[in-house]
Amino acid sequence: MLFCWRVKEFGVFDLVIAAGQISKRAYAAVMDSFVTSPLFRWTWANGHIGVVASKFVEVRAADHFSIKDMMAGRYVLGNKHVDTQGISPFAMEHVSSRWLEELHCFSWLYHFDAARDEGEKRFAMTLALDWVTRYGTYDAKVWSRATTARRVINWIKHFDVLTYGANESQREAIVTSLARQIQSLDVRQNFETQPQIRALIEVALLGAAISLGRDTSEVSAMIDHLNQTLYAQLSDFGMHLTRSGAVHFDLLLNLVSLRQGLTTFSPEGAKSFLAITRKMYDALGGLTLSNGDLAYFNSTGQISHEDSLALAARSATKSVFGESRMLAGFGVLLGAESKLIADSGKLPAPEMADYMMAGAGSFEYSHRNDLIVGNCGPGDEDMGEDAHLFSLPAAHSGLELDYQGTPPFTNKKLIQQFIADNGEGPMRLDSEENSLIFDNKGYEALTGVKHTRVLTVLPNQGDALVGQDLLTCDLSHNQAPDQFLLRFHLGLGVEAEFNDAHNMIELTLRSGAKWLFLFEGASAMIEGSARQNLRTGLAPIQQIVLYGTVQPHIDVAWSFLPEGQ
């Protein structure tokens with residue numbers, strides 16, 4: 001009976017898709033284990049590399065101070081500052097997985113373009129040789145397909161830096177390891193189930209083929225194949241179908257570094273490639289707030305401001321986003337000097353859905369250079385299992401339902417149900433009113449609560465943001481909640497304070513500008529919260545919480561508006 005109920009709930013088709021995904025991943029894992037076993041791995045050494053003439057272009061600006069820090073044993077990677085106390089960073093243990101990922105993919109190598117003296121210029125080669133000695137043949141911990149692809153890109157892109165000052169045997173050791181890595185990607189690319197990583201592998205292999213002087217016809221075919229791969233992974237608007245800004249940004253950053261080297265091999269392929277990157281730039285512009293930050297949705301946290309500027313500088317055309325619109329499951333409202341981005345919760349195909357968070361109906365809102373309200377972003381991996389708490393609705397500027405005692409369902413079930421039930425992306429745009437209307441289905445089956453949110457930006461009234469949350473609650477539902485909470489996570493540096501006037505909170509933005517938060521239909525409190533930060537992992541912020549007892553019908557109105565309006 002239980003199995004029949006589950007089939008009825010999710011549908012036979014959904015079960016078949018899920019089973020297919022599990023089978024595909026299991027098959028890929030088994031085959032990857034085989035080709036990385038010692039029985040097969042010896043074939044990777046058959047590749048030969050002669051001259052490496054990198055055709056990748058580094059778009060990021062090198063920082064000389066970062067070289068000084070690394071030479072002193074201080075490495076700032078993956079939101080973490082680690083002092084190695086004089087030992088090799090590759091000998092470090094018990095540090096965050098994200099720090100290790102950035103270390104082993106050599107994402108920091110570009111800083112050595114700014115090296116000034118012989119000691120600095122040779123240091124990168126010293127680190128590379130240390131890595132080759134420890135991991136150069138194969139180590140499953142640091143030879144994942146994604147890490148290897150990024151490492152190949154960075155090694156080829158900065159090959160002269162990597163081998164500066166090396167003698168013949170040292171250069172041969174680095175080159176031999178690079179050849180093994182390239183060949184491993186060639187062998188293993190068909191066993192990658194995540195589409196964005198498949199695209200990254202193709203970028204690495206194409207860049208390697210061009211930089212190593214492979215045959216023109218071979219390179220031309222690889223360009224065409226990469227274009228086909230990218231077309232299949234992008235929406236009509238150019239947004240990556242994972243609907244994660246972080247995935248989109250990372251892929252575009254690597255694509256742009258390869259763009260200039262394609263015309264010689266395939267003018268038509270290069271033209272198509274350029275058209276793809278232009279669309280991706282446009283989509284990235286759509287998900288970028290007025291303060292220049294990428295919006296925090298679906299596992300996206302803070303992107304380096306320097307990287308954002310570097311990528312924007314490489315845009316072939318200036319992205320123009322002149323009107324409110326729907327974009328790949330996101331709603332975008334424009335004011336005179338403001339921008340609101342809201343997530344509809346639209347669920348991608350199963351192989352693309354790993355980055356989804358229970359943030360449907362949440363939004364981020366900025367005015368000029370100030371983020372006024374947003375989401376918390378992804379949890380730090382160092383938090384272990386608690387990191388999933390940042391996928392909950394409570395970590396987004398949206399609706400949360402609460403119980404006096406222990407909730408009748410787990411956080412995991414809430415996240416899964418919320419994401420699945422909003423999978424159709426129940427949001428629509430009213431262009432005439434400059435409004436987004438979101439019918440939140442994430443709580444209905446689970447708790448009996450129906451929720452509609454209306455968001456409106458008023459350009460002619462100082463870009464005021466007006467919101468309304470309508471709740472209809474079935475109190476007879478066996479999992480009906482006791483309390484509702486509407487959370488508004490404020491931007492970094494925004495200070496909130498209750499005004500003596502009724503139903504008003506004063507906001508001082510980071511720039512010093514004064515705004516007001518008005519509300520009715522609920523009580524309010526100001527609490528602490530956290531926002532993902534590039535340097536600290538999580539930075540303390542404030543949040544406004546509107547709350548009340550669940551009733552059959554609830555109507556809460558609220559607004560953010562500049563003081564004096």
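Source: prediction; values computed, not measured.
The pair Glu192-Arg198 fails the salt-bridge criterion, with no side-chain N (NZ, NE, NH1 or NH2) lying under 4.0 Å from an Asp/Glu carboxylate O. Ion pairing between Lys450 and Asp439 fails under the 4.0 Å rule for side-chain N and carboxylate O. For the pair Lys441 and Asp421, the salt-bridge criterion is not met [side-chain N within less than 4.0 Å of a carboxylate O]. In this structure, Arg60 pairs ionically with Glu58, as a charged nitrogen and a carboxylate oxygen lie closer than 4.0 Å. A salt bridge between Asp380 and Lys80 is present, with a side-chain N of the basic residue lying under 4.0 Å from a carboxylate O of the acidic one.
Below 30°, between 30° and 60°, or above 60°: for Phe560 and Phe517 the angle between ring planes is between 30° and 60°, a tilted geometry. In this pair, Phe409 and Tyr403 present their aromatic rings perpendicular. The plane angle is above 60°, beyond the 30 to 60° band.
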Go through the steps to decide whether Val449 and Thr472 satisfy the test side chain to side chain contact (heavy atoms under 4.5 Å, CB included), and finish with yes or no. CA-CA 6 Å; Val449 175; Thr472 302; over 6 Å; no

Report the C-alpha distance between His111 and Met70 in whole Å, list the side-chain angles of each, state the deciding distance to 0.1 Å, and finish with yes or no for side chain to side chain contact (heavy atoms under 4.5 Å, CB included). CA-CA 10 Å; His111 288 304; Met70 285 186 274; 4.2 Å; yes

Take Thr147 and Glu101, measure what side chain to side chain donor-acceptor pair (under 3.5 Å) needs, and give me the verdict at the end. CA-CA 7 Å; Thr147 301; Glu101 161 70 16; 2.4 Å; yes

What do the steps show when you test Phe363 against Ile341 for side chain to side chain contact (heavy atoms under 4.5 Å, CB included), and what is the final call? CA-CA 6 Å; Phe363 68 95; Ile341 306 173; over 6 Å; no

Yes or no on side chain to side chain contact (heavy atoms under 4.5 Å, CB included) for Asp463 and Leu458, after CA distance, side-chain angles and deciding distance? CA-CA 5 Å; Asp463 281 339; Leu458 304 174; over 6 Å; no

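Side-chain contact annotation: Asp555 with Gln468, donor-acceptor N/O pair under 3.5 Å present. A donor-acceptor contact under 3.5 angstrom links the side chains of Glu506 and Asn499, judged on distance only. Side chains of His489 and Ser529: a donor-acceptor N/O pair is present below 3.5 angstrom, by distance only. With no hydrogens or angles considered, no side-chain donor-acceptor pair links Ser366 and Asn291 at under 3.5 Å. No side-chain N or O of Ser397 forms a donor-acceptor pair with one of Glu364 less than 3.5 Å apart. There is a side-chain donor-acceptor pair under 3.5 Å between Trp558 and Asp469. Side-chain atoms of Thr84 and Tyr75 form no donor-acceptor pair, as typed in the model, at a separation below 3.5 Å.
For the pair Ser88 (side chain) and Phe90 (backbone), a donor-acceptor distance under 3.5 Å is present. Without hydrogens or angle criteria, Tyr110 side chain to Asp63 main chain gives no donor-acceptor distance under 3.5 Å. Without hydrogens or angle criteria, Ser391 side chain to Ala358 main chain gives no donor-acceptor distance under 3.5 Å. Checked by atom type and distance alone, the side chain of Asn422 never pairs as donor or acceptor with a backbone atom of Gly425 at under 3.5 Å. Using modelled atom types, one side-chain atom of Gln479 and one backbone atom of Leu446 make a donor-acceptor pair closer than 3.5 Å. Panel note: side chain Asn375, backbone Tyr296; a donor-acceptor pair is recorded below 3.5 Å. For Gln543 (side chain) and Gly528 (main-chain N/O), a donor-acceptor pair under 3.5 Å exists by modelled atom type. Between the side chain of Asp250 and the backbone N or O of Ala246, no donor-acceptor pair lies under 3.5 Å. The backbone N or O of Leu538 sits nowhere less than 3.5 Å from a side-chain atom of Asn533 that would complete a donor-acceptor pair. No side-chain donor-acceptor contact under 3.5 Å links Asp402 to the backbone of Phe484.
Proximity of Leu241 to Leu234: side-chain heavy atoms (C-beta onward) are nowhere separated by under 4.5 Å. Between Gln194 and Asp354, some side-chain heavy-atom pair lies under the 4.5 Å cut-off. No side-chain heavy atom of Leu401 sits under 4.5 Å from any side-chain heavy atom of Gln483. Counting only heavy atoms from C-beta outward, the side chains of Cys473 and Ile554 approach each other to under 4.5 Å. The closest side-chain heavy-atom distance from Ile153 to Val203 is below 4.5 Å. A heavy-atom distance below 4.5 Å is found between the side chains of Lys339 and Val332. Inter-residue side-chain proximity for Phe488 and Tyr365 is flagged as unmet; no heavy-atom pair is nearer than 4.5 Å. Side-chain contact between Asp307 and Leu311 is absent, with no heavy atoms from C-beta onward closer than 4.5 Å.
Atoms OG1 and CG, from Thr452 and Leu399 in turn, are 11.0 Å apart once rounded to the nearest 0.5 Å. Atoms OH and NE2, on Tyr281 and His248 in that order, are 9.5 Å from each other to the nearest 0.5 Å. Rounding to the nearest 0.5 angstrom, the gap separating the OG atom in Ser308 from the CD1 atom in Ile303 is 6.5 Å.
Applying the side-chain hydrogen bond (donor to acceptor under 3.5 Å, both in side chains) test to pairs two or more places apart or on separate chains, those with a residue in residues 234-243 are Gln233-His240, His240-Thr242, Arg243-Asp343. Counting only residues at least two apart or in different chains, ring pair (Phe, Tyr, Trp, His ring centres under 6.0 Å) contacts with residues 425-473 comprise Phe418-Tyr443. Applying the ring pair (Phe, Tyr, Trp, His ring centres under 6.0 Å) rule to pairs touching residues 322-348 yields Phe297-Phe330, sequence neighbours excluded.
The cationic group of Arg151 does not satisfy the cation-pi geometry with Phe106, failing either the under 6.0 Å distance to the six-membered ring centre or the 45° limit from the ring axis.
Between Gly245 and Thr300 the shortest heavy-atom distance is N-OG1, 3.1 Å. Listed here is the closest heavy atom pair of Ser257 and Asn254: OG-O, 2.7 Å. Closest non-hydrogen pair, Leu294 versus Leu287, comes out as CD1-O, 3.5 Å. Here the closest non-hydrogen pair linking Asn369 and Ser290 is OD1-O, 4.3 Å. Here the closest non-hydrogen pair linking Ala524 and Leu546 is CB-CD2, 3.6 Å. Minimum interatomic distance between Leu492 and Pro540 (heavy atoms only, all atoms of both residues): CD1-O, 3.9 Å.
His477 NE2: more than 12 foreign heavy atoms inside a 6.0 Å radius. Counting heavy atoms of neighbouring residues, nucleotides and ligands inside a 6.0 Å radius, atom CD of Glu424 does not exceed 12 of them. A 6.0 Å sphere centred on CD of Glu337 holds more than 12 heavy atoms belonging to other residues, nucleotides or ligands.
Just one of Ile544, Ile505, Val556 meets the side-chain contact (heavy atoms from CB on, under 4.5 Å) condition when paired with Phe519; it is Ile505.
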